Amino acid sequence: MISPPKGLIDVENFKIATAESCTGGLVASRLTDISGASAYVNGGVVAYTNEIKKSILHVKAETLENFGAVSSQTAMEMASNVRKIFSATIGLSTTGIAGPLTSENKPVGLVYVAIVGENFSEVREFHFKGSRTEIKFQAADEALNLLMQYVTSAEN
C-alpha cells in the first residue's frame, strides 16, 4: 500500500465530492451519516449509466469505448471531473461490477476506486468476493479508507 505524501490537504477546510457507479451513493451516504458533514461534503453524483458518466461527469466517450466503464481510466476521470464540477478539494469515485452478472467481459467483484486532489491522484483496483450488497459495502469501505489515508496523512 502506498502512503500519500504529507501536507496535500488542508484538513481544516477541505471539501469532498463523490462520483459513484457500483456503490450507488453508498459512499456519500456514509459520509453524510456523520453529524456536521455539510462542513466538508459538497455533493455527489450516482452515475450508473455510461450516458450519465458522459453527460454529467464529462467522462470522455473514447475512454468508455476504449477501456470500459469499469476501468482505472474511467475511475480517474470520474474523480477528477466531479472534483471540478463541485469545486471540491477532493474527488472520490467508484466504478465496478457488483454482480450477480458480469459486464464488459470483466469479473464480478472488480472495482476501481480513485481519489484526486490538486496535487495528487491515485486509483486502486480491487477484486471483492461475496453478494452484490457485500461487494458494494466492501467498495465503499475501501473508498472511505483511501480518503482517510489522504486526510490523516495531511494532518501529520
Side-chain angles (χ1 to χ4, degrees), residues 1-32 34 37 39-98 103-104 106-107 109-128 135-156:
M1 183 175 305
I2 300 169
S3 294
K6 297 190 182 319
L8 291 176
I9 302 166
D10 175 4
V11 294
E12 299 293 321
N13 299 304
F14 91 97
K15 303 289 184 184
I16 185 164
T18 60
E20 300 181 65
S21 187
C22 65
T23 50
L26 187 56
V27 174
S29 176
R30 290 180 57 192
L31 284 169
T32 58
I34 301 165
Y40 58 87
V41 176
N42 273 11
V45 174
V46 174
Y48 218 66
T49 67
N50 284 355
E51 187 54 43
I52 297 302
K53 286 177 182 75
K54 288 187 285 190
S55 65
I56 304 294
L57 290 176
H58 312 296
V59 173
K60 295 180 193 124
E62 300 80 34
T63 301
L64 294 166
E65 290 164 13
N66 293 334
F67 303 103
V70 179
S71 66
S72 61
Q73 295 85 350
T74 296
M76 190 60 73
E77 284 188 37
M78 288 170 65
S80 179
N81 295 343
V82 80
R83 178 180 172 267
K84 292 173 193 167
I85 291 164
F86 284 95
S87 300
T89 314
I90 298 170
L92 185 64
S93 72
T94 61
T95 187
I97 302 169
S103 177
E104 299 180 350
K106 296 175 182 176
L110 174 63
V111 173
Y112 293 93
V113 175
I115 188 168
V116 174
E118 184 175 346
N119 300 313
F120 63 91
S121 63
E122 183 176 351
V123 63
R124 293 187 183 169
E125 178 179 314
F126 298 95
H127 296 269
F128 299 122
I135 290 169
K136 287 174 63 175
F137 272 89
Q138 291 172 78
D141 285 347
E142 290 299 339
L144 294 170
N145 286 339
L146 183 58
L147 173 64
M148 288 308 300
Q149 287 174 18
Y150 275 85
V151 171
T152 58
S153 74
E155 291 177 332
N156 297 324

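The shown structure was predicted, so the numbers you read here are calculated from the model rather than taken from an experiment. Numbers here are sequence positions counted from 1.
- With rounding to the nearest 0.5 angstrom, the CD1 atom of I85 is 5.0 Å from the CG atom of L57.
- Using a 4.5 Å cut-off on side-chain heavy atoms (C-beta onward), V41 and T18 make no contact.
- Remark: H127 engages E125 in a side chain to side chain donor-acceptor pair (under 3.5 Å) (not counting sequence neighbours).
- By the side chain to side chain contact (heavy atoms under 4.5 Å, CB included) test, A39 pairs with no residue at all, sequence neighbours left out.
- Using a 4.5 Å heavy-atom cutoff, the side chains of S121 and M76 are in contact.
- Without hydrogens or angle criteria, T49 side chain to I52 main chain gives a donor-acceptor distance under 3.5 Å.
- Of the residues Y40, Y150, F14, the one that meets the side-chain contact (heavy atoms from CB on, under 4.5 Å) test with T89 is F14.
- Residues S103 and V70 have side chains not in contact (no heavy-atom distance under 4.5 Å, counting atoms from C-beta outward).
- Of all heavy-atom pairs spanning A139 and V113, the tightest one is O-CG2, 4.2 Å.
- Residue pairs meeting the side chain to side chain donor-acceptor pair (under 3.5 Å) criterion with at least one member in residues 72-85, sequence neighbours excluded: T63-E77, S71-T74.
- Checked by atom type and distance alone, the side chain of E20 never pairs as donor or acceptor with a backbone atom of T94 at under 3.5 Å.
- Inter-residue side-chain proximity for L31 and L147 is flagged as met; some heavy-atom pair is nearer than 4.5 Å.
- In this view, K106 and E104 satisfy the side chain to side chain donor-acceptor pair (under 3.5 Å) rule, not counting sequence neighbours.
- Under the side chain to side chain donor-acceptor pair (under 3.5 Å) criterion, D141 pairs with R30, sequence neighbours left out.
- Nearest heavy-atom pair, A75 versus V123, reported as atom, atom and distance to 0.1 Å: CB-CG2, 4.0 Å.
- Heavy-atom minimum distance, V116 versus A79: CG2-CB, 3.7 Å.
- The CG atom of L64 lies 4.5 Å from the CG atom of N50; values are rounded to the nearest 0.5 Å.
- Every residue meeting the side chain to side chain donor-acceptor pair (under 3.5 Å) condition with K53, not counting sequence neighbours, appears here in chain and number order: S21.
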